[in-house]
Amino acid sequence: MSGLNDCDQPGTVNNQPSSTPPTFDAVRAKPTRDAISPSPIASPALTTSHASGPHVVIVGGGFAGLAAAKRLKRAPVRVTLVDRRNHHLFQPLLYQVATAALSPAQIAAPIRAVLSKQRNAEVILAEAGRVDVARRVLETDQGDIPYDYLILATGATHSYFGHDDWSKSARGLKTIDDALEIRRRFLLAFEAAENETGEARRRALMTFVIIGAGPTGVETAGAIAEIARTVIRRDFRHIDTSRARVVLVEAMGRVLPSGFPRELSDRALADLRAMGVEVRLNTRVTRVASGDSEDGTPHVLLSSPNQAEPERVDAHNIVWAAGVRASPLGASLGVPTDNAGRVVVAPDLSIPGHPEVFVTGDLARCAWRDGMVPGVCPAAVQMGDHAARNVARLVARKPSEAFKYVDKGSLATIGRAKAVASVSGMKFGGLLAWLLWAGVHVFYLISFRNRVIVMLDWALAYLFFKRGSRLITGERDSPPPA
Ligand SMILES: Cc1cc2nc3c(=O)[nH]c(=O)nc-3n(C[C@H](O)[C@H](O)[C@H](O)COP(=O)(O)OP(=O)(O)OC[C@H]3O[C@@H](n4cnc5c(N)ncnc54)[C@H](O)[C@@H]3O)c2cc1C
């Protein structure tokens, strides 16, 4: 495996098993689908030949998958993009849906619509369960899909570090459903507190614990504190929402522990504290108890080196923003993965022994500098784009090339006109960083309509301290959050 991780390696790489690059003809010389597919094709769509050329199957319509599909627009291939959801999701703004600033349609777009003008591409709504690399077949819940080239881009999900039962109370933020559920619990908590006469329960209802102080945790904690102290303050009669307690827990010694220089972590910490967020550094969560725990009060236990006993914090709202684990599809490739399930890729993003299979985005482990290419959108876009370029090169009987990651910097927002930015060696915070953060996020949103609407919503929120999406969805009579 030596040398496989060096994604910085310049120049051309040919990691193919033989000296001849695999070609369309060689790949097509594999057994036909009838001969290699043991299970019937379930959907007529899966058999449709919408274009000619080698069949490139892309799994995942996130940042990497969509970038790959778009890159192949003019290549002499037919592209099939498979996703279990019908929409591409702009995850960096999910916390804004969870905290009622934006509505789901503003940060998502139907994949079918995004690719509607790309004549060589079709979209299949299906969940991929396994890759059979020997037969060159993707197995999905809608039937098997044979491929000539495969680009895997199924991303990552939450990891509760072996405590999957915590997910019941500490909801992670990864999908629109997650964001809507967090929003529901968050808004319901204030409603329940308004009707509550017991001081302890009211306090627990108005306590929000966010676990993990990476960008998502910092942004979520800042947004909740801001809403409680400004946006909804005048909407209630029996509670003072500005007394809501927001606790941000981080196991490391600083907020934004990776990807940001120390001084920006310190600045973000100062901003959070100025907004009233209680930040607990060097603190681990050792228990997350749901509402059906022994005393009926949901809570977390926090341990830090300077405390003899774990501290208990009663909270009806707990958000998990700590660990991630790669999509399980990577494991079915039968090649080495790291301890988070990421597939260790060759310099050209292919997998050992299978130059026709590429792994991209959050699912890939690709070494960079002293660590690995980070799990962020620009990296996923660059990887997806690069894998597709390599497919086009192989089809054209040219050798594949090594991937070179271009670091575009790091941005995180803390609240209104508060953000931190590390871009091209410059480190700054405040309004300028916030404007940059807003501009970059609007720019990368899919669809012109979404860009305009989000900009308008943000401008109105900035000027009038309003949040447009404070609707409680789900069961009308749902109990207060567990
Ligand atoms: C809350 C949150 C905030 C973030 N904030 C930032 C930020 O501010 N800046 C930044 O750069 N990055 C941020 N990230 C990280 C960034 O979103 C990821 O790095 C990026 O989305 C990775 O792209 P991807 O294409 O690898 O995976 P994804 O974008 O996650 O796409 C994976 C796709 O695969 C599909 N899929 C998964 N499994 C299957 C299956 N078995 N079958 C079919 N389809 C499947 C999914 O439905 C999804 O569409 C954030 C992530 C989260 C969760």
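Bear in mind the structure is a predicted one, so any value in this text is a computation, not a measurement. Along the sequence shown, residues are numbered consecutively beginning with 1. Just so you know, ligand 1 is whichever comes first in the structure, and atom 1 is the first atom listed for that ligand.
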Identify the closest protein heavy atom to [atom]: which residue and atom is it, and at what distance?
atom                    : answer
atom 41 (N) of ligand 1 : A128 O, 2.9 Å
atom 23 (O) of ligand 1 : A380 CB, 3.4 Å
atom 16 (C) of ligand 1 : C377 SG, 3.5 Å
atom 32 (C) of ligand 1 : A153 O, 3.4 Å
atom 52 (C) of ligand 1 : Q91 OE1, 3.7 Å
atom 34 (O) of ligand 1 : G60 CA, 3.4 Å
atom 38 (N) of ligand 1 : R84 CZ, 3.4 Å
atom 6 (C) of ligand 1  : P92 CG, 3.6 Å

Check V131, I58, T80 against Y147 for a side chain to side chain contact (heavy atoms under 4.5 Å, CB included) and give me the one that passes.
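That would be V131.
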
What do you reckon, does [X] have a nitrogen or oxygen under 3.5 Å from a nitrogen or oxygen of ligand 1?
X    : answer
G375 : yes
T216 : no
D362 : yes
L411 : no
G361 : no
T360 : no

Go through ligand 1 atom by atom and flag the ones less than 4.0 Å from a non-hydrogen atom of [X].
X    : answer
A64  : 25 (O)
V376 : 10 (C), 11 (O), 12 (N), 19 (O)
G155 : 26 (O), 27 (O), 32 (C)
R85  : 47 (O)
E127 : 41 (N), 42 (N)

Over all heavy atoms of both residues, which pair between [X] and [Y] is shortest? Give the atoms and the distance, please.
X    : Y    : value
H55  : D148 : N-OD2, 2.6 Å
Y444 : K408 : OH-NZ, 4.1 Å
V247 : R280 : CG1-CG, 4.0 Å
L173 : H158 : N-CE1, 3.1 Å

Are the charged groups of [X] and [Y] less than 4.0 angstrom apart, N to O?
X    : Y    : answer
R389 : E401 : no
E263 : R267 : no
D338 : R365 : yes

Walk me through it: do E226 and M275 pass the test side-chain contact (heavy atoms from CB on, under 4.5 Å)?
CA-CA 7 Å; E226 199 165 70; M275 293 165 72; 4.0 Å; yes

When you measure from the side chain of [X] to the backbone of [Y], do you find a donor-acceptor pair of N or O atoms at a distance under 3.5 Å?
X    : Y    : answer
Q142 : A126 : no
Q382 : V406 : yes
E181 : D178 : no

For atom 14 (N) of ligand 1, is the nearest protein heavy atom under 4.0 Å away?
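No, no protein heavy atom sits under 4.0 Å from atom 14 (N) of ligand 1.
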
Mind checking whether [X] has a heavy atom under 4.0 Å from ligand 1?
X    : answer
P378 : yes
A126 : yes
L173 : yes

Distance alone, cut at 3.5 Å: any donor-acceptor contact between the side chains of S350 and D348?
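S350 vs D348: donor-acceptor pair found between side chains.
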
Report the member of T154, I124, L81, L152 with the shortest heavy-atom distance to atom 36 (N) of ligand 1.
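Minimum heavy-atom distance to atom 36 (N) of ligand 1 goes to T154.
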
Residue R284 excluded, over 12 heavy atoms near CZ under 6.0 Å
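Atom CZ in R284 is not crowded, with 12 or fewer foreign heavy atoms closer than 6.0 Å.
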
